[in-house]
Amino acid sequence: MKHLVILLTITGFLLSCQQDKAAPTTGFPFHLPKEKPDRKMSAAMERIYTDYAAPQPQNNELFSQFKYTELEGFDYNGHDGTISRRDPSKILRYNDKYYVWYTHRQTSTPPQGAEKSNDTIPSSDWDLAEIWYATSEDGFSWEEQGVAIQRPNKPSVGWRSVTTTDILEWEGKYYLYYQGFMEASGKRGDDCPVAVSYADSPDGPWTPHNEIVIPNGAEGEWDQYSIHDPYPLVHNGKIYLYYKSDFGEKPHLVRMQGLAIADDPLGPFTKHPLNPVITSGHETSLFPFKQGVAALVYKDGPEHNTIQYAEDWVNFEIASITELMPYAAAPYVPDAFTDTKDGRGITWGVAHFINVTSNWKKFSSKLVRFDCDLSQDLHDPDMKKHRVVHKPDVYYRQGLTAKQRKRILEGS
Ligand code: AAL
């Protein structure tokens, strides 16, 4: 018994010492330590030192706000829904000019839905579309150059619509990857594979590869119906092409990002065994950053409104949380194709606003410029503020529905 009492006393003493050692002797310091302090902390405090590049956003190179500027040089027929430009490509610099490619729809009517669509009536904003391009000296004022990729004749891939393109420069040649629709979007779903055309110059002429280059997944697999938003980068001497798929059933589609890798721009592309590699986002854009890759993950999913980072280009972690992110952001990524081991980051690009009139009967989209500071070579404190202050009418526009107001009043 005596020995038990002694043992319990010693154990109690050791535990209390352990407790005392871990418990902070003083409160958390007044000046937030830049490095992780040697003290027991809450999970949230641990996280700002382990999960983010810096404990405060203004010092986090992968945090930024976003600023928007209307572009000059594009006509939209008064946004009557008959002309739409959307889903821009990454920006390419060539012969002292910037180039951007995008989905261009010009139809006699605005989109009418899959039921009413036909050979001239579009089902959606990106149905019966072509790939057009424009050039600019400064990224603000653009000169539309016209069509780059036309819809091919049936039954070639993309005969219904060619949309949502992105550019790759590889060994002196240029490749445009794009969604190739073989039926009006919305018949079953937004279903399409990815095709590719190539040229010796960004000004074309573009030769269609006329084969599906990123195929849909096998039946029952997450990406069996849609391969969207092809986004090629160069890494480790290979083409890393990230893409989105919409899966599950409407109205609760799940949107995630996959990765397919190839040694040759015309394939074959091998889908990564860990796909999906990003759980959220929509038209997700990426850029080499230091030895890894960063991603702008907005709009859909549990981790929307985040900027993410994968040192191995596959396993992404949240690097920062932000807001008012660009839709379909297509950045100017100077080192997108240089196989860099020290990605410098981005400071601007083109994005889009969809349904610019908020009138579903006149649905059309427009291109816009965004600026940010996600660059190792820029430090713009005005891009690193913690919050965007909106005017009250922005909140009032997110008002209660009549049904919600009725529920509340009946419950009161
Ligand atoms: C876009 C992209 C793809 C989809 C549709 C047009 O935002 O995700 O291109 O198919 O929407």
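Counting starts at 1 for both ligands and their atoms, in listed order.
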Test log, rule salt bridge (Lys or Arg N to Asp or Glu O under 4.0 Å), inputs Lys341 and Asp339 = CA-CA 7 Å; Lys341 299 296 179 268; Asp339 201 355; 2.9 Å; yes

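Using a 4.0 Å cut-off to heavy atoms of His282, the atoms of ligand 1 that qualify are 7 (O), 8 (O). Atoms of ligand 1 lying under 4.0 Å from at least one heavy atom of Lys244, given by number and element, are 8 (O). Ligand 1 places these atoms under 4.0 Å from at least one heavy atom of Asp190: 4 (C), 5 (C), 10 (O).
With respect to atom 9 (O) of ligand 1, the closest heavy atom belonging to the protein is Thr164 OG1, 2.6 Å. Shortest contact from atom 3 (C) of ligand 1 to any protein heavy atom: Gln179 OE1, 3.2 Å. Scanning all protein heavy atoms for the shortest distance to atom 7 (O) of ligand 1 gives Glu283 OE2, 2.2 Å.
With hydrogens and angles disregarded, no donor-acceptor distance shorter than 3.5 Å links the side chain of Lys244 to the backbone of Ser226.
Each of Phe316, Trp313, Tyr240 was scored for a side-chain contact (heavy atoms from CB on, under 4.5 Å) with Leu286, with one residue passing: Phe316.
Counting heavy atoms from C-beta outward, Pro202 and Lys97 have side chains that stay 4.5 Å or more apart. Contact of the Lys290 side chain with the Glu311 side chain is not registered, since no non-hydrogen atoms from C-beta on lie closer than 4.5 Å.
For atom 11 (O) of ligand 1, the choice among Arg86, His352, Arg255, His228 with the nearest heavy atom turns out to be Arg86.
With a heavy-atom cut-off of 4.0 Å, Asp87 touches ligand 1 through its side chain alone. Contacts with ligand 1 closer than 4.0 Å are made by side-chain heavy atoms of Asp229 only, the backbone lying farther away.
Considering OH of Tyr177 and CD1 of Ile131, their distance stands at 14.0 Å, rounded to 0.5 Å.
Ion pair Arg188/Glu183 not flagged as a salt bridge, since none of the NZ, NE, NH1 or NH2 atoms sits closer than 4.0 Å to an Asp/Glu carboxylate oxygen.
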